[in-house]
Number of protein chains: 2
Amino acid sequence: MLNTSIDFQKPKSSNCGDCELCTQTVENRRVRIQSEEIAAIESIIDSHILIEKNQTVYEAGATFQNLFTVHSGMFKSVYLTQQGDERIVDVFIPGQIMGFDGIHKGKYKTTVKAVSSGSYCVIPFYPLQELAHKHRDIQNRLMKMMSEKIIQFEISHSEYNAKQKLVSFIKDVSDLYYSRGFSANQFPFQISQRDLANYLGLAEETLSRVFSKLKKANILALADHQITIIDHDSFLEIID
Amino acid sequence: MLNTSIDFQKPKSSNCGDCELCTQTVENRRVRIQSEEIAAIESIIDSHILIEKNQTVYEAGATFQNLFTVHSGMFKSVYLTQQGDERIVDVFIPGQIMGFDGIHKGKYKTTVKAVSSGSYCVIPFYPLQELAHKHRDIQNRLMKMMSEKIIQFEISHSEYNAKQKLVSFIKDVSDLYYSRGFSANQFPFQISQRDLANYLGLAEETLSRVFSKLKKANILALADHQITIIDHDSFLEIID
DNA sequence: CGCGTGATTGATATATCTCAATAACGGTGG
DNA sequence: CCACCGTTATTGAGATATATCAATCACGCG
């Protein structure tokens, strides 16, 4: 068994310096930006709110006021269909921004909840927009982040079968941890299979079977809410 | 047979006054906004470029310069997967904006082509951003449009089976025509079943069978690249 | 009129879903 | 620390939706 003692939950700094707003990617790694504008943003951010599993960040229908950035843990965005069943339409991991669906009509379109305990930052949107109006660079970053989200949706729909869906989800999480200086091959994985199945559009049992197959083929291991990618090559072969 | 002589292709005005940038929805209908800012936008727009079926609006990898708004016809956004097959990840109908996927990295992520002959407008992005920097309202509208696109993706993933996917697609098109003053029950439908199947994540044959069933059940008719929704209630029942 | 493309339909294969039973896990209270 | 109970995950057998393969049909275009 590999070392599992790394504490992924603990904030690394007291300000929210590692969300997409305040960092940029250089050679696959996220690094903080140092600038007057970023300092301005940080001055309006409410940092590191702790949250327990299943607690709500924002509720569908509520008045849009804030964007949020995940600091640790995992969050889900739930849409209530007209038939009344819940569809998980997005999953957020550290560094990502939540709440873009509130801008359009001034009300959030989905409900966002914590999948595991974790922490997040609050970015009051209208002050942020004020800053964006002053600083060209911030306006720019904001639009780029929204563009990135649009791309993410475009691409995430391009997988076909259950195995590919799961692997590409795990790969996204892996990439993210890697980009933030953690191992790409071992990382926390706290989402329930029910939620994940819902998100991927699969039955719970189907997802479980795919997991079993991947374990049996010695491609990955799942224990203690940690995933270990054992055979990285075979793992990647599944999706390309 | 109903009247099919309405010319949906012909621009109604010489400036691009009916895209999402320059209109707002009031009671399910799109109306033009009259303001200094909108006039400023219109002054930088290149209006009503004609395009033939299968011609390209922009190519994946090309340098991002412009946003585009559909004026008439239908367009598809194609993503080339690593395995080399083409996935249609988005479909655009009149009034919608194309090109948001270029903002993030300054290069378009997908290729956009005309599904049928049609026309579109070109909005140079950097001049637009300049305007957005000057006019708070334009900055606002831009972000709202991107937010709307994000919501559209969130929601479009919540359908389950083939029939629901198709019906909800047709409904989107119907809603759009309705919002622009046309009939909600009869409108052009020029996309090939191959493209549509690809977009909906179905096999071509499956889609064809669904169409056949809907025709046999007298819910809709498809002739001459026009869809007629015959039984609007049964039609809507399928998705809610 | 003929040819190529796109659409339809049938027969069969396959992936995924559903239902059901069992097993593992995680938290709680003694 | 252990026993208990509810939740979550696993596994099997069978049903179902969709994919695949193949043949035919319809349409638009030169």
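Each chain gets a letter, A, B and so on, in the order the sequences are listed, and its residues count up from 1.
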Exam field: side chain Asp90(A) to backbone Ser77(A), donor-acceptor pair closer than 3.5 Å:
no
Spacing of Leu222(A) atom CG relative to dC25(C) atom P, expressed in whole Å
11 Å
Leu207(A) has an atom CG; how far is it from atom C1' of dT16(C), in whole Å?
12 Å
So what does Lys165(A) hit on the nucleic acid, given a heavy-atom distance under 4.0 Å: a base, only sugar-phosphate, or nothing?
nothing
Looking for any heavy atom pair under 4.0 Å, which part of the strands does Ser212(A) touch: base, sugar-phosphate only, or nothing?
sugar-phosphate
Looking at every strand, decide which applies to Ala162(A) at a 4.0 Å heavy-atom threshold: base, sugar-phosphate, or nothing.
sugar-phosphate
Touch check for His225(B), heavy atoms < 4.0 angstrom, all strands: base, sugar-phosphate only, or nothing?
nothing
In whole Å, I'd like the distance from the CG atom of Asp224(B) to the P atom of dA26(D).
16 Å
Is Ser192(B) touching bases, backbone alone, or none of the nucleic acid, heavy atoms closer than 4.0 Å?
sugar-phosphate
When the distance from CD of Gln164(A) to P of dT16(C) is rounded to whole Å, what number comes out?
9 Å
So Lys213(B), base contact, sugar-phosphate only, or nothing? Heavy-atom distance under 4.0 Å.
nothing
Side chain to side chain contact (heavy atoms under 4.5 Å, CB included) between Leu166(B) and Leu207(B), worked out:
CA-CA 8 Å; Leu166(B) 174 58; Leu207(B) 181 62; 4.0 Å; yes
Tell me, please, whether Phe153(B) has Lys149(B) positioned over its six-membered ring: NZ or CZ under 6.0 Å from the ring centre and within 45 degrees of its axis?
yes
Take atom CG of Leu200(A) and atom P of dT16(C), then tell me their distance rounded to the nearest Å.
12 Å
Starting the side chain at C-beta, find the nucleotide from dT8(C), dC17(C), dA9(D) nearest to Thr206(A).
dC17(C)
Spacing of Glu205(B) atom CD relative to dT12(C) atom P, expressed in whole Å
16 Å
I need the CZ-P distance between Phe211(B) and dG6(C), as an integer number of Å.
16 Å
Using the ring of each side chain (for Trp, its six-membered ring), is Tyr199(B) parallel, tilted or perpendicular to Phe169(B), with breaks at 30° and 60°?
perpendicular
Regarding the side chain of Ser208(B), the nearest nucleotide among dA11(C), dT18(D), dT8(C) is dT8(C)
Check this one for me: any side-chain N or O of Lys163(A) less than 4.0 Å away from OP1 or OP2 of dT16(C)?
no
Could you tell me how the ring of Phe64(A) sits relative to the ring of Tyr108(A): parallel (under 30°), tilted (30 to 60°) or perpendicular (over 60°)?
perpendicular
Have a look at Arg194(B) and say if it touches a base, only the backbone sugar-phosphate, or nothing, with a 4.0 Å heavy-atom cut-off.
sugar-phosphate
Should Gln193(A) be listed as having a side-chain N or O under 4.0 Å from OP1 or OP2 of dT10(D)?
yes
Return the value, rounded to whole Å, for the distance between atom CD of Glu52(B) and atom P of dC29(D).
12 Å
